[in-house]
Amino acid sequence: QVQLVESGGGLVQTGGSLRLSCTASGRTVSTYAMGWFRRAPGKEREFVAAVSWGGSSTYYADSVKGRFTISRDNAKNTVYLQMNSLKPEDTAIYYCAAARWGTAPIRIAAYDYWGQGTQVTVSS
């Protein structure tokens, strides 16, 4: 089993930055693709970004492309999401997930393990 714990969320003003972290325990996730998803109030969970097990392939939702960067440090069993130029529409609970298969999957169903989420609130 893999346990994922997110951190780094909080309240930030429009245009600000946050860096989310997701640390895995239970087993190494160095061979897993990792992803970030989010759920805004009243909306479905949606894909944000994904990174391949080695970090060489990344994929982003159009809504965050150019503003968010996903990265990973396999030695620390941790994946990051650097979020810049934040907008009020980025307000959501952000979830980290791990997938045993796939390069950098965007589908929710492709992920096997999920964290509990961390709240990000962007004020206007």
Straight-line distance of [X] [atom1] to [Y] [atom2], nearest 0.5 Å:
X	Y	atom1	atom2	result
Tyr60	Leu81	OH	CG	7.5 Å
Ser25	Asn77	OG	CG	8.0 Å
Asp73	Ser21	CG	OG	10.5 Å
Gln119	Tyr94	CD	OH	9.5 Å
Ser52	Tyr32	OG	OH	15.5 Å
Glu6	Cys22	CD	SG	5.0 Å

If every non-hydrogen atom of [X] is compared with every non-hydrogen atom of [Y], which pair is closest and at what distance?
X	Y	result
Leu86	Leu18	CD1-N, 3.9 Å
Ala33	Tyr111	O-CE2, 4.3 Å
Trp36	Ile70	CD1-CD1, 3.6 Å
Met34	Cys96	CE-SG, 3.7 Å

- [ ] Could you verify whether a donor N or O on one side chain and an acceptor N or O on the other, from Thr78 and Thr23, lie under 3.5 Å apart?
- [x] yes

Task: Donor on one side chain, acceptor on other, Arg39 and Tyr95, under 3.5 Å - done: yes

Open item on the list: Within the structure provided, determine whether Trp53 and Val29 are in side-chain contact (heavy-atom separation under 4.5 Å).
Closed with: no

Open item on the list: Looking at Arg38 and Glu46, is any side-chain nitrogen of the basic one under 4.0 Å from a carboxylate oxygen of the acidic one?
Closed with: yes

Task: Ionic contact status for Asp62 with Lys65, cut-off 4.0 Å - done: yes

- [ ] Begin with the C-alpha distance, continue with both residues' side-chain angles, and end with the deciding distance and a verdict on side-chain contact (heavy atoms from CB on, under 4.5 Å) for Leu20 and Met83.
- [x] CA-CA 8 Å; Leu20 304 183; Met83 305 186 295; 3.7 Å; yes

- [ ] Under the side-chain contact (heavy atoms from CB on, under 4.5 Å) rule, what do Gln3 and Trp114 come out as? Steps first, then yes or no, please.
- [x] CA-CA 8 Å; Gln3 292 80 44; Trp114 292 84; over 6 Å; no

Open item on the list: Quick check with a 6.0 Å cut-off and a 45 degree axis cone: is Arg19 positioned over the face of Tyr80's six-membered ring?
Closed with: yes

Open item on the list: Under a 3.5 Å distance rule, please check whether Thr121 uses its side chain to pair with a backbone N or O of Leu11 as donor and acceptor.
Closed with: no

Task: Chi angles and distances behind the side-chain contact (heavy atoms from CB on, under 4.5 Å) call for Val51, Val79 - done: CA-CA 9 Å; Val51 61; Val79 63; 4.1 Å; yes

